[in-house]
Amino acid sequence: MKLSGSWNVRALALSLLFTGASAFAFADGAPRTTPKPAPAAVAQKPGHAAIASANFLATEAGFEVLSKGGNAFDAAIAVASTLSVVEPESSGIGGGFMGVLRTAGGHESFIDARETAPAAVNPKDYLNADGTPNRDTSLNGPLSAGIPGEPAGLVLLAQKYGKLPLTVSLAPAIHAARDGFKPDPRLRGSIAERVKDLNRWPASAAKFLPGGKPPAEGELWRDPNQARTLEALAAHGLAGFYQGETAEALVKAVKAAGGDWTLKDLATYRAKERTPVAVDYHGYHIVTAPPPSSGGVAIAEILNILSGFDLAGLDEAHRTHLVIEAMRRAFRDHNDYLGDPDFVKMPLDMLLSPYYADGLRQSILPDKATPSSMLPAVSARDPGMHTTHFSIIDKDGNMIGITTTVNYILGSTFVAGDTGVLLNDEMDDFALVPNMPNVYGLLGSKANAPEPGKRPLSSMSPSLVLGKDRSAVIGSPGGSTIITQVLEGILAFVDGKSATGIAAQKRYHHQFLPDRVDVEDGVFDAATADALKRMGYDLHPREPWGYMNVVTWDHQTNALDAASDPRRPSGLGKVQ
Ligand code: GLY
């Protein structure tokens, strides 16, 4: 690789030193940024509520539960469980979620309801005879599924943060599953896209292909089996899903189809509360996702790098250049170091340190792209339709953002017997073959290798942005693009954009490898695009990606705002 004459060798050496960093003291997995006291203004009560989700039925379910005396956390249970019924292509009780929350009293926490590998996980199940990845076993059927985390996460939310029993907060989802709803074009299209795989398993075909084909436009679609499973969860909490009849049916169906789950895998699953990653940027306090998500660490690293630049004083091309270079450096670290904090020690002190960011900042040239091949080697994803995010602020000022997933579209496509539970295919988020990309092109290291009980690395990055004048809850689906979408959302919010402006703004994305900038049509004007190309960027047009759902709170006027991404029609951001 040839270097341009202007390359600053000292800066490169510094960057290599920091990014090569095995000599640094490793942390125990807990983020060590010092939490700052919350801005005083956040303690106000808005007096009304805002919910933005990817499906209007889910948003309305949240308001229904608020009207019954619930708070934002009860509403989150209603939204997530209703999405499990009406948007099963993206998330559900057979999958897992990550959520960031702040109570009206100022307590911040992170709920990790990520799936775990079953005790019998065998990495060889995901390899072909020649050692290449077997994408069928990692993406389809019971071997691709981790032990679901969403039901346990909802129980944790209800028990620790909610005001209502699960019988009330799960009622809208049970109602939608039992009495039916009209699937939107995206769900009908997702089913049509995966007909072949759904037909491999009788319970999947029975659920998603009534009469042998996807539900037709305007047809009422019912899911009585899922309604029964949700009722058991409502009545018995954790035991209603992870023990007893539901657990037995899940294990039986998985084993019969070639998977290897045990009752113990289910009975021992627990959602966990973790300390969120926190970073300050231009007067805002950002609270975001810790490992086993790579998202918050990457966002914090990028913001730490950018906080040393005067972005507002730059033209768009130079501002974009600096953001892309910060993305490039953060994604490189993501691939190398991160995994489940219960299993791997990660250099989080280093990755989140402003001094580390100083070194990375100095390695950025003012007018030139840094080829990724110049940084220590290590990753990449496709902006998929999977996963979904919703954001809520209630009348008292409780805030929660949840990103939830079954991984790929319709997860594993495997419905477990008569439980109605569509299982995830989160096993593909492990680095099944070191340095071979997963379905999103993301590479991984040993830190993210599959092990019994381990959680696969995620990109999910639900985030709170807390300021004196304004605060926001931001998140989006989209594989690795989640990280850059949320980052661009935070930057737009800091620049004063409204919820609608943030959700609608055009996107760009760089993830270290492949070394290119994915661009949504219209994101740059012609002059900016030309300037970026002259700096050495490969601008790669691609279809619009993401499905951002944002709520904001103006502390001056106490007004809330909510917006659902205009790229897809079924979402609803509503203030009431
Ligand atoms: N399954 C996508 C993610 O967790 O990032």
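Counting starts at 1 for both ligands and their atoms, in listed order.
Partner of Val79 under the side-chain contact (heavy atoms from CB on, under 4.5 Å) criterion, out of Ser53, Ser391, Ser84: Ser53 alone. Of the options Arg274, Met460, Lys272, a side-chain contact (heavy atoms from CB on, under 4.5 Å) to Pro292 is made by Arg274 and by none of the others.
One side chain, Thr132 or Asn128, offers a donor N or O that lies under 3.5 Å from an acceptor on the other.
Within ligand 1, the atoms closer than 4.0 Å to a non-hydrogen atom of Ser458 are 3 (C), 4 (O), 5 (O), numbered from 1 in the order shown. Each of the following atoms of ligand 1 lies closer than 4.0 Å to a heavy atom of Ser459: 3 (C), 4 (O), 5 (O). Applying the 4.0 Å criterion to heavy atoms of Asn407 picks out, from ligand 1, the atoms 1 (N), 2 (C). Close contacts of ligand 1 with Asp429, meaning ligand atoms under 4.0 Å from a residue heavy atom, involve 1 (N), 2 (C), 3 (C), 4 (O).
At least one N or O atom of Arg114, backbone or side chain, sits closer than 3.5 Å to an N or O atom of ligand 1.
Contacts of Phe181 classified as ring pair (Phe, Tyr, Trp, His ring centres under 6.0 Å), with partners at least two apart in sequence or in another chain: Trp221. In this structure, the side-chain contact (heavy atoms from CB on, under 4.5 Å) partners of Asp125, at least two apart in sequence or on a different chain, are Asn122, Leu143.
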